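Quick caveat, the model's predicted, so the values are computed rather than measured.
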Amino acid sequence: MTGEKKKKKRLNRSILLAKKIIIKDGGSPQGIGEPSVYHAVVVIFLEFFAWGLLTTPMLTVLHQTFPQHTFLMNGLIHGVKGLLSFLSAPLIGALSDVWGRKSFLLLTVFFTCAPIPLMKISPWWYFAVISMSGVFAVTFSVIFAYVADITQEHERSTAYGLVSATFAGSLVTSPAIGAYLSETYGDTLVVILATAIALLDICFILVAVPESLPEKMRPASWGAPISWEQADPFASLRKVGQDSTVLLICITVFLSYLPEAGQYSSFFLYLKQVIRFSSETVAAFIAVVGILSILAQTVVLGILMRSIGNKNTILLGLGFQILQLAWYGFGSQPWMMWAAGAVAAMSSITFPAISAIVSRNADPDQQGVVQGMITGIRGLCNGLGPALYGFVFYLFHVELTDTDGSEKGAKPNMSAIIPGPPFLFGACSVLLSLLVALFIPEHTGPGMRPGAYKKHSNGAQSHSHSPQGSGAEGKEPLLEDSSV
């Protein structure tokens, strides 16, 4: 017991030292204007635009570095990154609840973009740093918590849709621009441009982004340690099982995002080798699906949330995802991929709708923890999904080892019933997710947890003075009804 106490004291001292380094101004407001959704939108756009530029060079470097079993190695790299993201997301979310969002936006963007310049300097170090960057690759959890801080409950689904649409919008033109610059001027220029945009994003956070978390929501004493149980991902998962609503949401996210993560890691290679898309056609495909996703996550999402409600919007999005994955799995012609891509754009409404139902039921001082937990599950899927897809492709003898679209790659057997077996596995997973989502309540009953509400009625200050809580703390639900 003495050794554990000393270890906790050393951890708390380290955290306090980090806090002094990160928050030099003592928490005074900085930035341009009042906190707004547009600050979050710019941060997301610049980060993923920089990575979108590297789509074509990434495929080339991946194939050159790992000429044998390229896709399996890709799954391993993303697997390590996803596992680290899963482990770190709750901690970063909990720390951002205590110390504010801006500092952690800076950390997550910096470390997520750190591997970019290494692509041309040392490919081996590039892939190694990508794997390790998973510790801080949780920008979305901090962004969603930032948005939750500054929006009212009825505005949140639209705001989350705008953030998700910006992510899609950043991929509308950047892969095409990157492919053109790579072919015309070489990969070096693309890497330099992506690095410059990443630096611009970091400067924007430093100079323009104001802190969103009000001072009254933070602990009165900066020396008060956070609850390490709250930041432990496995403790969070154990806590999830004690609240049926959180459990259903987390299972839904896991089963629906697992095939989506695998699809993101493999689909461009699949289009180039199996369907024989050229690099220009792949870039055009990304642009069209991105534009349709923007429309789906802004205009369509808002209409659906008002007309059929939060839960039914989630169910509809999952239905579209099942359809597009089945179409990818059975499709063998280019026009089928384009049609399935349009359906995929409609399925993009699912995650912002899930984030909205989570934030509506979470206490204000718990937004970072809950969003961090959801992002951690997505991070775990980012690790498992690519590895699962790579293994299934390998199991069915579909080797994704050629990235130039030439005839020397192994041609697929177009007479096969299932040209894309992993996508069919994904459709089955999403079908299970849909069945689980049927049991998610639209609203948490206001009379279900009066004791839990009283515990949080004093805001974050009472939470900070007793971080370990009482003996009933372990049974406290993560999601509360904010309308009580």
Side-chain angles (χ1 to χ4, degrees), residues 37 40 140-141 143-168 240 243-257 260 293-323 343 345-364 366-375 377-378 430-449 453 477-484:
V37 177
F140 264 108
S141 69
I143 283 291
F144 278 135
Y146 187 97
V147 171
D149 294 338
I150 58 178
T151 54
Q152 299 297 320
E153 181 180 316
H154 65 278
E155 303 171 328
R156 230 163 258 168
S157 62
T158 303
Y160 286 152
L162 182 60
V163 172
S164 298
T166 301
F167 166 70
V240 162
D243 187 307
S244 59
T245 303
V246 187
L247 179 62
L248 291 171
I249 290 174
C250 288
I251 293 175
T252 300
V253 170
F254 180 81
L255 291 175
S256 64
Y257 194 70
E260 188 175 337
S293 297
I294 292 172
L295 294 175
Q297 295 176 40
T298 52
V299 179
V300 177
L301 178 65
I303 294 173
L304 290 175
M305 292 288 285
R306 289 190 296 270
S307 58
I308 65 176
N310 204 155
K311 176 183 174 179
N312 290 329
T313 301
I314 295 173
L315 297 176
L316 184 62
L318 293 174
F320 280 121
Q321 189 178 359
I322 293 171
L323 179 59
V343 178
M346 284 300 302
S347 71
S348 64
I349 63 176
T350 304
F351 187 65
I354 289 176
S355 296
I357 205 170
V358 167
S359 66
R360 185 167 62 238
N361 290 286
D363 278 349
Q366 295 288 300
Q367 292 289 340
V369 174
V370 179
Q371 296 291 355
M373 182 179 61
I374 298 296
T375 302
I377 291 175
R378 283 165 60 93
V430 180
L431 178 59
L432 294 176
S433 175
L434 178 63
L435 296 176
V436 173
L438 288 171
F439 297 96
I440 296 176
E442 181 76 36
H443 295 285
T444 306
M448 290 173 63
R449 306 180 185 97
Y453 174 72
L478 285 176
L479 295 189
E480 315 265 35
D481 184 13
S482 58
S483 64
V484 176

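Between atom CD of residue Gln321 and atom CG of residue Leu255 there is a gap of 10.5 Å, rounded to the nearest 0.5 Å. Atoms CD1 and CG, on Ile440 and Leu247 in that order, are 10.0 Å from each other to the nearest 0.5 Å. Separation of atoms CG (Leu316) and CD1 (Ile314) is listed at 11.0 Å; rounding is to 0.5 Å. Residue Phe351 holds its CZ atom at 5.0 Å from CZ of Phe144, rounded to the nearest 0.5 Å.
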Audit row: Ile303, Val300, side chain to side chain contact (heavy atoms under 4.5 Å, CB included) steps and yes/no: CA-CA 5 Å; Ile303 294 173; Val300 177; 5.8 Å; no
Working for side chain to side chain contact (heavy atoms under 4.5 Å, CB included), residues Cys250 and Phe254: CA-CA 6 Å; Cys250 288; Phe254 180 81; over 6 Å; no
Candidate pair Leu301 and Tyr160, rule side chain to side chain contact (heavy atoms under 4.5 Å, CB included), full reasoning: CA-CA 10 Å; Leu301 178 65; Tyr160 286 152; over 6 Å; no
Scan the side chains in residues 430-438 for donor-acceptor partners under 3.5 Å anywhere in the protein, sequence neighbours excluded, and list what turns up.
from: Ser433; atom 1: OG; to: Thr252; atom 2: O; distance (Å): 2.9

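Looking only at distances, no side-chain donor or acceptor of Asn310 sits under 3.5 Å from a matching main-chain atom of Met305.
In this view, Thr151 and Arg156 satisfy the side-chain hydrogen bond (donor to acceptor under 3.5 Å, both in side chains) rule, not counting sequence neighbours. For Ser348, the side-chain hydrogen bond (donor to acceptor under 3.5 Å, both in side chains) partners at least two apart in sequence or on another chain are Gln297.
Looking at every heavy atom in both residues, Gly317 comes nearest to Ile349 through CA-CG1, 3.9 Å.
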